[in-house]
Amino acid sequence: QAELGKPQRNCNTLPGFDFSYGLYVHRTDGGVPEAIGHWNTVKPRTASVQKMPRDFITMNCGALKAGYTTAREFNLYYKAKDIRRKDDEYSRFKRCPPKIPADVTYGVTARPCTPFFDLLQHKYKELWMEQQRALTAAQRAEKKKVIVLQQCSRETRTTFLRKQPLPAKEESFWHLPHLEKV
C-alpha cells in the first residue's frame, strides 16, 4: 500500500552496505596476494581432430571403374569405401605463401604533398582554363564539320539544276491534229 501523501515508488531498494557486486569464484579469487603471487596461465587445448570432408572425385572414379552407373549404386559405393581428403590438401595453412616482390609495401600509399608554390601562382586554375579552351575549340571545329557536311549533303532539285542545267529544247515540227487542215 502506498505511503500517505507521497508518490508511489516504482523501483527496487538497493542492498545493504555489506553487499559486494560481482561474481565471487572461490577457487581463484584470492584477492591481491594471489594476483601478485601466482601466474594463472591458460592450459593449451588439445586440437580436436576434425573429420576431413569426403573426396568425391576419387570415390566417383573408383565407382566408375567398378562399373556402377546409377545413383543408388554410387551411394552404396560411398558407404562401402568412405575416402576422405588428405590433411595437407585441405589445410590452407600448409600451402606455401604467395610469391610477393621484395619492394612491395602494404596498405594505401601516402598522398604526395601539395606544392604550395603552384597554389600561390594559381597554376591549377590556369591548367583548367586551358583545358576548357581546348575543349570548346574542339567542339566548335566539330560543329563546323557537321554544318559543312550537312550543306554538302543537302541536294535539292534547284541546286542540282544549277550544277547541271537541262539541255535546250529542239523545236519540233509537230502541230495539234485539229489545226492540220488549216
Side-chain angles (χ1 to χ4, degrees), residues 42 44-182:
V42 178
R45 292 182 187 174
T46 56
S48 60
V49 178
Q50 275 189 329
K51 199 170 185 182
M52 303 307 283
R54 287 177 157 186
D55 192 2
F56 284 101
I57 296 171
T58 310
M59 288 193 290
N60 287 346
C61 289
L64 285 173
K65 285 178 186 172
Y68 299 133
T69 54
T70 63
R72 179 173 163 67
E73 291 171 342
F74 269 74
N75 282 332
L76 291 173
Y77 184 83
Y78 294 160
K79 287 178 185 171
K81 299 195 176 180
D82 189 21
I83 301 171
R84 299 284 171 167
R85 283 191 186 175
K86 307 276 189 297
D87 188 23
D88 293 337
E89 178 185 336
Y90 186 69
S91 175
R92 64 187 173 98
F93 297 110
K94 294 190 178 176
R95 293 186 203 137
C96 61
K99 302 289 183 197
I100 299 171
D103 59 343
V104 169
T105 54
Y106 292 98
V108 180
T109 57
R111 196 176 141 224
C113 59
T114 307
F116 282 101
F117 192 69
D118 292 342
L119 285 176
L120 293 174
Q121 284 186 329
H122 302 292
K123 190 172 184 181
Y124 296 111
K125 181 190 109 177
E126 296 299 326
L127 287 171
W128 184 80
M129 293 292 284
E130 284 179 25
Q131 288 174 353
Q132 294 303 315
R133 286 186 199 115
L135 185 66
T136 53
Q139 286 174 348
R140 282 183 190 155
E142 187 70 28
K143 204 177 234 183
K144 282 183 183 176
K145 277 185 189 176
V146 169
I147 289 172
V148 169
L149 286 174
Q150 284 177 351
Q151 287 175 350
C152 292
S153 64
R154 276 194 215 145
E155 194 72 28
T156 62
R157 178 152 176 82
T158 309
T159 55
F160 180 73
L161 288 174
R162 281 188 194 140
K163 289 178 187 171
Q164 299 174 355
L166 288 173
K169 281 189 173 181
E170 295 180 13
E171 192 170 332
S172 66
F173 296 104
W174 180 84
H175 298 289
L176 289 171
H178 67 276
L179 298 176
E180 288 282 324
K181 296 179 184 176
V182 176

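Note that the structure is a prediction, hence the values are computed from the model and not measured.
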Chemist: Which residues pass the side chain to side chain contact (heavy atoms under 4.5 Å, CB included) test with Y124, sequence neighbours left out?
Modeler: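 By the side chain to side chain contact (heavy atoms under 4.5 Å, CB included) rule, Y124 matches P115, D118, L119.
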Chemist: With side-chain contact (heavy atoms from CB on, under 4.5 Å) as the criterion, how do N60 and Y68 come out once you've worked through the C-alpha distance, each side chain's angles and the decisive distance to 0.1 Å?
Modeler: CA-CA 9 Å; N60 287 346; Y68 299 133; over 6 Å; no
Chemist: Which residue pairs satisfy the salt bridge (Lys or Arg N to Asp or Glu O under 4.0 Å) criterion with at least one member in residues 125-144, sequence neighbours excluded?
Modeler: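 As it turns out, there is no salt bridge (Lys or Arg N to Asp or Glu O under 4.0 Å) pair with a partner in residues 125-144 once direct neighbours are skipped.
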Chemist: Any side-chain heavy-atom pair from R54 and R85 closer than 4.5 angstrom?
Modeler: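 Contact flag for R54/R85 side chains = no.
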Chemist: I'd like to check the side chain to side chain contact (heavy atoms under 4.5 Å, CB included) partners of P167; sequence neighbours left out, ordered by chain and number.
Modeler: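 Applying side chain to side chain contact (heavy atoms under 4.5 Å, CB included) to P167 gives none.
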Chemist: Grab the two heavy atoms, one from L64 and one from F74, that are nearest each other, plus how far apart they are.
Modeler: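 Looking at all heavy atoms of both residues, the shortest contact is CD2-CZ, 4.0 Å.
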Chemist: Going from OG1 on T158 to NZ on K163, what distance comes out if it is rounded to the nearest 0.5 angstrom?
Modeler: 12.0 Å
Chemist: What's the separation between atom CE in M52 and atom CD1 in I83, rounded to the nearest 0.5 Å?
Modeler: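 With rounding to 0.5 Å, CE (M52) is 14.5 Å from CD1 (I83).
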Chemist: State the NZ-CE distance between K79 and M59, to the nearest 0.5 angstrom.
Modeler: 12.5 Å
Chemist: For atom CD1 of I57, decide whether the heavy atoms of other residues, nucleotides or ligands shown that lie under 6.0 angstrom number more than 12.
Modeler: no
